[in-house]
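These numbers were taken from a predicted model, which means no experiment stands behind them.
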Amino acid sequence: LTAISDADVRSGSPNQNQGNRMWLQAQSSGNNRVLVQFDGAAMLATVGSGTLQTAKLRLYVMSNANNWGSSGRVVNVHRMTQTWTEQGTTWNCPNDTNPFNSQSDCTPGWNMSNSSQWPFAAAATHSIVQQNNQTGWVEWNVTSDVAQILSNSATNYGWLIRKDNEGQAGQVEYGSRESLYKPELSLTVQGNNQAPQVSAGVDQTITLPSTASLVGAASDDGLPAGSVLAYMWSQVSGPGTASFNTPSSAETTVTFSLPGT
(Lines give C-alpha, C1' and ligand atoms only; values in the text may rest on other atoms or scores of the structure.)
Protein backbone atom coordinates (compact mmCIF):
# COMPACT_ATOMS: atom_id res chain seq x y z
CA LEU A 1 0.00 0.00 0.00
CA THR A 2 1.16 3.57 -0.62
CA ALA A 3 0.61 6.42 1.82
CA ILE A 4 -2.57 8.51 1.67
CA SER A 5 -1.06 11.31 3.83
CA ASP A 6 2.45 12.35 4.83
CA ALA A 7 4.28 15.42 6.10
CA ASP A 8 7.05 16.39 8.47
CA VAL A 9 6.72 18.67 11.48
CA ARG A 10 9.52 20.94 12.71
CA SER A 11 10.04 22.57 16.09
CA GLY A 12 12.12 25.21 14.29
CA SER A 13 9.08 26.15 12.17
CA PRO A 14 6.32 25.26 14.63
CA ASN A 15 3.41 26.80 12.74
CA GLN A 16 4.29 25.99 9.14
CA ASN A 17 2.99 23.01 7.21
CA GLN A 18 5.31 20.81 5.11
CA GLY A 19 2.68 18.58 3.52
CA ASN A 20 3.38 19.41 -0.14
CA ARG A 21 7.11 18.68 -0.25
CA MET A 22 8.70 15.82 -2.19
CA TRP A 23 10.69 14.74 0.85
CA LEU A 24 10.13 13.97 4.51
CA GLN A 25 12.93 15.20 6.73
CA ALA A 26 14.07 13.76 10.04
CA GLN A 27 16.92 15.55 11.81
CA SER A 28 18.17 16.81 15.16
CA SER A 29 18.39 20.56 14.57
CA GLY A 30 14.80 21.73 14.86
CA ASN A 31 13.66 18.24 15.83
CA ASN A 32 12.12 17.35 12.50
CA ARG A 33 9.75 14.38 12.64
CA VAL A 34 7.95 12.48 9.89
CA LEU A 35 4.23 11.65 9.80
CA VAL A 36 2.77 9.05 7.45
CA GLN A 37 -0.63 7.35 7.19
CA PHE A 38 -2.17 4.55 5.12
CA ASP A 39 -5.77 3.70 4.30
CA GLY A 40 -7.29 1.44 6.95
CA ALA A 41 -9.94 0.07 4.57
CA ALA A 42 -7.17 -0.95 2.16
CA MET A 43 -5.41 -2.78 5.00
CA LEU A 44 -8.61 -4.71 5.76
CA ALA A 45 -9.19 -5.52 2.09
CA THR A 46 -5.60 -6.69 1.62
CA VAL A 47 -5.71 -9.08 4.57
CA GLY A 48 -9.29 -10.15 3.79
CA SER A 49 -10.09 -13.57 5.27
CA GLY A 50 -6.40 -14.40 5.61
CA THR A 51 -4.01 -13.99 8.51
CA LEU A 52 -1.57 -11.10 8.78
CA GLN A 53 2.00 -12.37 9.01
CA THR A 54 4.10 -9.19 8.84
CA ALA A 55 3.61 -5.47 8.23
CA LYS A 56 6.57 -3.28 7.32
CA LEU A 57 6.61 0.50 6.96
CA ARG A 58 9.08 1.36 4.21
CA LEU A 59 10.65 4.74 3.41
CA TYR A 60 13.18 5.53 0.69
CA VAL A 61 16.31 7.49 1.63
CA MET A 62 16.58 10.19 -1.03
CA SER A 63 19.27 12.27 0.71
CA ASN A 64 21.62 11.46 3.56
CA ALA A 65 23.71 14.14 5.29
CA ASN A 66 26.13 11.41 6.44
CA ASN A 67 26.36 12.87 9.94
CA TRP A 68 25.18 9.78 11.80
CA GLY A 69 28.40 9.01 13.65
CA SER A 70 30.74 6.10 13.08
CA SER A 71 28.23 3.43 14.13
CA GLY A 72 24.97 5.11 13.01
CA ARG A 73 22.09 6.30 15.16
CA VAL A 74 18.70 4.90 16.06
CA VAL A 75 15.54 6.08 14.29
CA ASN A 76 12.20 5.04 15.80
CA VAL A 77 8.69 4.53 14.50
CA HIS A 78 5.82 5.34 16.89
CA ARG A 79 2.09 4.72 16.47
CA MET A 80 0.16 8.00 16.30
CA THR A 81 -2.63 8.39 18.89
CA GLN A 82 -4.26 11.56 17.50
CA THR A 83 -5.74 12.44 14.15
CA TRP A 84 -4.00 14.93 11.82
CA THR A 85 -4.23 16.24 8.26
CA GLU A 86 -1.57 16.37 5.58
CA GLN A 87 -2.20 20.01 4.68
CA GLY A 88 -2.74 21.27 8.23
CA THR A 89 -0.32 19.44 10.49
CA THR A 90 2.44 21.46 12.17
CA TRP A 91 4.60 21.09 15.27
CA ASN A 92 1.89 22.84 17.28
CA CYS A 93 -1.27 21.68 15.51
CA PRO A 94 -2.79 18.51 14.14
CA ASN A 95 -4.76 20.68 11.72
CA ASP A 96 -3.80 24.35 11.54
CA THR A 97 -6.43 26.32 9.62
CA ASN A 98 -3.76 28.81 8.51
CA PRO A 99 -0.50 26.84 8.40
CA PHE A 100 1.53 29.58 6.74
CA ASN A 101 1.49 32.31 9.39
CA SER A 102 3.52 32.48 12.59
CA GLN A 103 0.86 31.41 15.06
CA SER A 104 -1.18 28.37 16.01
CA ASP A 105 -4.63 28.30 14.45
CA CYS A 106 -6.16 25.15 15.87
CA THR A 107 -8.46 23.98 18.63
CA PRO A 108 -7.43 21.69 20.11
CA GLY A 109 -3.68 21.70 19.56
CA TRP A 110 -1.20 19.00 20.45
CA ASN A 111 2.08 18.91 22.33
CA MET A 112 5.05 17.57 20.40
CA SER A 113 7.52 18.90 22.97
CA ASN A 114 6.35 17.35 26.23
CA SER A 115 6.90 13.58 26.21
CA SER A 116 4.08 13.05 28.71
CA GLN A 117 1.64 14.64 26.24
CA TRP A 118 2.99 13.40 22.94
CA PRO A 119 0.29 12.67 20.32
CA PHE A 120 1.98 9.34 19.67
CA ALA A 121 2.84 6.29 21.74
CA ALA A 122 5.96 7.05 23.79
CA ALA A 123 7.27 3.51 23.33
CA ALA A 124 8.66 2.92 19.87
CA THR A 125 7.01 0.17 17.86
CA HIS A 126 10.33 -0.62 16.17
CA SER A 127 13.73 0.96 15.58
CA ILE A 128 16.37 0.90 12.88
CA VAL A 129 19.94 2.22 12.81
CA GLN A 130 20.46 4.94 10.20
CA GLN A 131 24.00 4.81 8.83
CA ASN A 132 26.25 7.17 6.91
CA ASN A 133 26.11 6.69 3.12
CA GLN A 134 22.92 4.66 3.46
CA THR A 135 20.43 5.13 0.63
CA GLY A 136 17.49 3.19 -0.76
CA TRP A 137 14.71 1.57 1.19
CA VAL A 138 14.67 1.27 4.97
CA GLU A 139 11.87 -0.45 6.85
CA TRP A 140 10.33 -0.71 10.30
CA ASN A 141 8.33 -3.68 11.55
CA VAL A 142 4.85 -2.40 12.48
CA THR A 143 3.10 -5.79 12.57
CA SER A 144 1.83 -5.33 16.12
CA ASP A 145 0.32 -1.93 15.29
CA VAL A 146 -1.42 -3.15 12.13
CA ALA A 147 -2.79 -6.16 14.00
CA GLN A 148 -4.33 -3.81 16.58
CA ILE A 149 -5.78 -1.62 13.82
CA LEU A 150 -7.31 -4.64 12.07
CA SER A 151 -8.86 -5.88 15.32
CA ASN A 152 -10.19 -2.38 16.17
CA SER A 153 -8.19 -2.30 19.39
CA ALA A 154 -6.29 0.75 18.09
CA THR A 155 -7.38 3.59 15.78
CA ASN A 156 -5.50 4.13 12.55
CA TYR A 157 -3.85 7.55 12.87
CA GLY A 158 -0.67 6.44 11.09
CA TRP A 159 2.89 6.60 12.37
CA LEU A 160 5.56 9.09 13.38
CA ILE A 161 9.27 8.59 12.62
CA ARG A 162 11.81 10.34 14.83
CA LYS A 163 15.40 10.02 15.95
CA ASP A 164 15.63 8.20 19.25
CA ASN A 165 18.12 10.79 20.59
CA GLU A 166 17.10 14.06 19.01
CA GLY A 167 20.02 15.86 20.62
CA GLN A 168 22.53 14.04 18.42
CA ALA A 169 23.45 14.97 14.86
CA GLY A 170 21.82 13.18 11.96
CA GLN A 171 19.75 14.29 8.98
CA VAL A 172 17.92 12.21 6.40
CA GLU A 173 15.32 12.96 3.74
CA TYR A 174 12.87 10.23 2.80
CA GLY A 175 10.69 10.28 -0.30
CA SER A 176 7.15 11.60 0.21
CA ARG A 177 4.05 10.54 -1.69
CA GLU A 178 4.68 13.51 -4.02
CA SER A 179 7.96 11.87 -5.11
CA LEU A 180 8.80 8.81 -7.20
CA TYR A 181 9.54 6.88 -4.00
CA LYS A 182 6.29 6.96 -2.06
CA PRO A 183 6.09 5.60 1.51
CA GLU A 184 4.94 2.00 1.49
CA LEU A 185 3.21 -0.37 3.89
CA SER A 186 4.11 -3.92 2.90
CA LEU A 187 1.72 -6.59 4.23
CA THR A 188 2.46 -10.31 4.15
CA VAL A 189 -0.75 -12.32 4.41
CA GLN A 190 -1.32 -16.06 4.74
CA GLY A 191 -4.57 -17.28 3.28
CA ASN A 192 -6.86 -19.53 5.30
CA ASN A 193 -6.32 -23.27 4.84
CA GLN A 194 -8.81 -24.63 2.30
CA ALA A 195 -9.70 -28.25 1.62
CA PRO A 196 -7.94 -29.89 -1.35
CA GLN A 197 -9.77 -30.01 -4.69
CA VAL A 198 -10.15 -33.65 -5.68
CA SER A 199 -11.21 -35.58 -8.77
CA ALA A 200 -11.55 -39.38 -8.94
CA GLY A 201 -11.55 -39.28 -12.75
CA VAL A 202 -14.24 -39.91 -15.33
CA ASP A 203 -16.97 -42.52 -14.87
CA GLN A 204 -16.10 -45.96 -16.28
CA THR A 205 -17.92 -49.15 -17.24
CA ILE A 206 -16.01 -52.46 -17.27
CA THR A 207 -16.89 -56.14 -17.64
CA LEU A 208 -15.78 -58.42 -14.83
CA PRO A 209 -13.29 -59.85 -14.20
CA SER A 210 -11.49 -56.91 -15.83
CA THR A 211 -9.80 -54.36 -13.60
CA ALA A 212 -10.42 -50.63 -13.75
CA SER A 213 -7.57 -48.16 -14.11
CA LEU A 214 -8.10 -45.14 -11.90
CA VAL A 215 -6.51 -41.76 -12.62
CA GLY A 216 -7.16 -39.43 -9.72
CA ALA A 217 -6.01 -35.84 -9.28
CA ALA A 218 -5.86 -33.37 -6.42
CA SER A 219 -4.63 -29.82 -5.88
CA ASP A 220 -4.11 -27.87 -2.67
CA ASP A 221 -3.32 -24.33 -1.48
CA GLY A 222 -0.10 -25.46 0.22
CA LEU A 223 -1.37 -24.63 3.70
CA PRO A 224 -0.29 -25.10 6.32
CA ALA A 225 3.19 -24.25 5.08
CA GLY A 226 5.29 -27.33 4.37
CA SER A 227 2.31 -29.67 4.12
CA VAL A 228 2.22 -32.44 1.50
CA LEU A 229 -0.88 -33.97 -0.09
CA ALA A 230 -1.63 -37.58 0.84
CA TYR A 231 -3.91 -39.84 -1.25
CA MET A 232 -6.15 -42.72 -0.15
CA TRP A 233 -8.68 -44.52 -2.30
CA SER A 234 -11.66 -46.11 -0.52
CA GLN A 235 -14.94 -47.78 -1.42
CA VAL A 236 -17.92 -45.58 -0.62
CA SER A 237 -20.78 -47.90 -1.66
CA GLY A 238 -21.70 -50.88 -3.80
CA PRO A 239 -21.87 -54.67 -3.43
CA GLY A 240 -18.91 -56.81 -2.55
CA THR A 241 -15.40 -55.49 -2.08
CA ALA A 242 -13.34 -53.06 -4.19
CA SER A 243 -9.64 -53.88 -3.81
CA PHE A 244 -7.15 -51.15 -4.75
CA ASN A 245 -3.69 -52.16 -5.88
CA THR A 246 -1.92 -49.05 -4.44
CA PRO A 247 -4.60 -47.17 -2.49
CA SER A 248 -2.20 -44.37 -1.44
CA SER A 249 -1.31 -43.41 -5.04
CA ALA A 250 -3.24 -41.00 -7.23
CA GLU A 251 -3.18 -43.57 -10.06
CA THR A 252 -3.95 -47.20 -9.33
CA THR A 253 -6.01 -50.19 -10.44
CA VAL A 254 -9.02 -51.73 -8.72
CA THR A 255 -10.67 -55.17 -8.82
CA PHE A 256 -14.23 -56.03 -7.77
CA SER A 257 -15.63 -59.17 -6.11
CA LEU A 258 -19.17 -58.61 -7.40
CA PRO A 259 -20.83 -56.72 -10.23
CA GLY A 260 -22.74 -53.53 -9.43
CA THR A 261 -22.57 -49.76 -9.41
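Inter-residue side-chain proximity for Lys163 and Arg33 is flagged as unmet; no heavy-atom pair is nearer than 4.5 Å. Residues Thr241 and Phe256 have side chains not in contact (no heavy-atom distance under 4.5 Å, counting atoms from C-beta outward). Side chains of Leu187 and Thr54 form no contact here, defined as non-hydrogen atoms less than 4.5 Å apart. At least one side-chain heavy atom of Phe38 sits less than 4.5 Å from a side-chain heavy atom of Leu57. Side-chain contact check for Met112 versus Ser11: every heavy-atom pair is 4.5 Å or farther apart. Side chains of Asn15 and Ser104 form a contact here, defined as non-hydrogen atoms less than 4.5 Å apart. Two residues are said to be in side-chain contact when any heavy atoms from C-beta on lie closer than 4.5 Å; Ile161 and Trp140 meet this criterion. Between Trp159 and Val34, the closest side-chain pair of non-hydrogen atoms is not below 4.5 Å.
Pro239 and Gly260 get closest at one heavy-atom pair: CG-CA, 3.9 Å. Closest approach of Arg73 to Asn67, counting heavy atoms only: NH1-O, 3.0 Å. Residues Val75 and Gln130 share a closest heavy-atom pair of CG2-CB, 3.8 Å. Residues Asn95 and Cys106 approach most closely at O-CB, 3.6 Å, considering heavy atoms. What you find for Asp6 and Arg177 is that their closest heavy atoms are OD2-N, 2.7 Å. Taking both residues in full, the closest heavy atoms of Val198 and Ala218 are given as CG2-CB, 4.1 Å, listed atom of the first, atom of the second, then distance.
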ask   = Is there a side chain to side chain donor-acceptor pair (under 3.5 Å) between Glu178 and Ser176 once you walk through the steps?
value = CA-CA 5 Å; Glu178 285 79 20; Ser176 75; 2.9 Å; yes

inquiry  = Determine whether Thr246 and Thr252 satisfy the following criterion, side chain to side chain donor-acceptor pair (under 3.5 Å), listing intermediate values before the conclusion.
reply    = CA-CA 6 Å; Thr246 52; Thr252 187; 3.0 Å; yes

ask   = Would Trp84 and Gln82 satisfy side-chain contact (heavy atoms from CB on, under 4.5 Å), going step by step from the backbone distance to the final call?
value = CA-CA 7 Å; Trp84 54 279; Gln82 289 184 226; over 6 Å; no

Steps toward side-chain contact (heavy atoms from CB on, under 4.5 Å) verdict (Ser5, Leu35) = CA-CA 8 Å; Ser5 299; Leu35 293 170; over 6 Å; no

Verdict with reasoning, Gln18 to Leu24, per side-chain contact (heavy atoms from CB on, under 4.5 Å) = CA-CA 8 Å; Gln18 317 291 336; Leu24 305 165; over 6 Å; no

key: Thr90 vs Asn92, side chain to side chain donor-acceptor pair (under 3.5 Å): CA-CA, chis, key distance, verdict   = CA-CA 5 Å; Thr90 67; Asn92 288 331; 5.6 Å; no

message = Evaluate Trp233 against Ser249 for side chain to side chain donor-acceptor pair (under 3.5 Å), listing each step before the verdict.
response = CA-CA 8 Å; Trp233 288 95; Ser249 297; over 6 Å; no

request  = Could you walk me through whether Asn165 and Val74 pass side-chain contact (heavy atoms from CB on, under 4.5 Å), step by step?
outcome  = CA-CA 7 Å; Asn165 186 337; Val74 174; over 6 Å; no

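Both Val36 and Tyr174 are part of a single hydrophobic cluster, where members link through side-chain heavy atoms under 4.5 Å apart. Linking ILVMFWY residues whenever their side-chain heavy atoms come closer than 4.5 Å, directly or via other members, places Leu44 and Val142 in the same cluster. Residues Val146 and Val189 fall within the same hydrophobic cluster, defined by Ile, Leu, Val, Met, Phe, Trp and Tyr side chains chained together at heavy-atom separations under 4.5 Å. Hydrophobic cluster membership differs between Tyr157 and Ile149, with clusters built from Ile, Leu, Val, Met, Phe, Trp and Tyr side chains linked at under 4.5 angstrom.
Between the side chain of Thr143 and the backbone N or O of Ala55 there is at least one donor-acceptor pair closer than 3.5 Å. The backbone N or O of Gln148 sits less than 3.5 Å from a side-chain atom of Ser153, completing a donor-acceptor pair. When atom types are taken as modelled, the side chain of Gln235 and the backbone of Gly240 share a donor-acceptor pair closer than 3.5 angstrom. Under a 3.5 Å cut-off, the side chain of Asn17 and the backbone N or O of Thr89 do form a donor-acceptor pair. A donor-acceptor contact shorter than 3.5 Å is absent between the side chain of Asn156 and the backbone of Asp39. No donor-acceptor distance shorter than 3.5 angstrom exists from the side chain of Ser210 to the backbone of Ile206, with no hydrogens or angles considered. When atom types are taken as modelled, the side chain of Trp110 and the backbone of Trp91 share a donor-acceptor pair closer than 3.5 angstrom. Listed for the Thr255 side chain is no donor-acceptor partner under 3.5 Å among the backbone atoms of Thr211.
A donor atom on one side chain and an acceptor atom on the other are not found under 3.5 Å apart for Asn32 and Asp8. Between the side chains of Asn20 and Gln87, a donor-acceptor pair is found at a separation under 3.5 Å. Gln103 and Asp105 share a donor-acceptor pair across their side chains, judged by distance under 3.5 Å alone.
Taking Lys182 as the reference, nothing meets the salt bridge (Lys or Arg N to Asp or Glu O under 4.0 Å) condition, with sequence neighbours excluded. Applying the ring-ring contact (aromatic ring centres under 6.0 Å, His included) test to Phe120 and every residue at least two apart in sequence or in another chain returns His78, Trp118.
Here the straight-line distance linking atom OG of Ser71 with atom CD of Gln131 works out to 7.0 Å at 0.5 Å rounding. Here Ile4 contributes atom CD1 and Gln37 contributes atom CD; the two are 4.5 Å apart, rounded to the nearest 0.5 Å. Rounding to the nearest 0.5 Å places OG of Ser179 at 5.0 Å from CE of Met62. Expressed to the nearest 0.5 Å, how far CG of Asn66 lies from OG1 of Thr135 amounts to 9.5 Å. Rounding to the nearest 0.5 angstrom, the gap separating the OH atom in Tyr181 from the OG1 atom in Thr2 is 15.5 Å.
Few gaps surround OH on Tyr231; more than 12 heavy atoms of other groups in view lie less than 6.0 Å from it.
Note on Glu184 versus Lys56: no salt bridge recorded, every NZ/NE/NH1/NH2 to OD/OE distance being 4.0 Å or above.
Trp137 and Tyr60 have perpendicular rings, their planes meeting at more than 60° on a 0 to 90° scale where under 30° would count as parallel.
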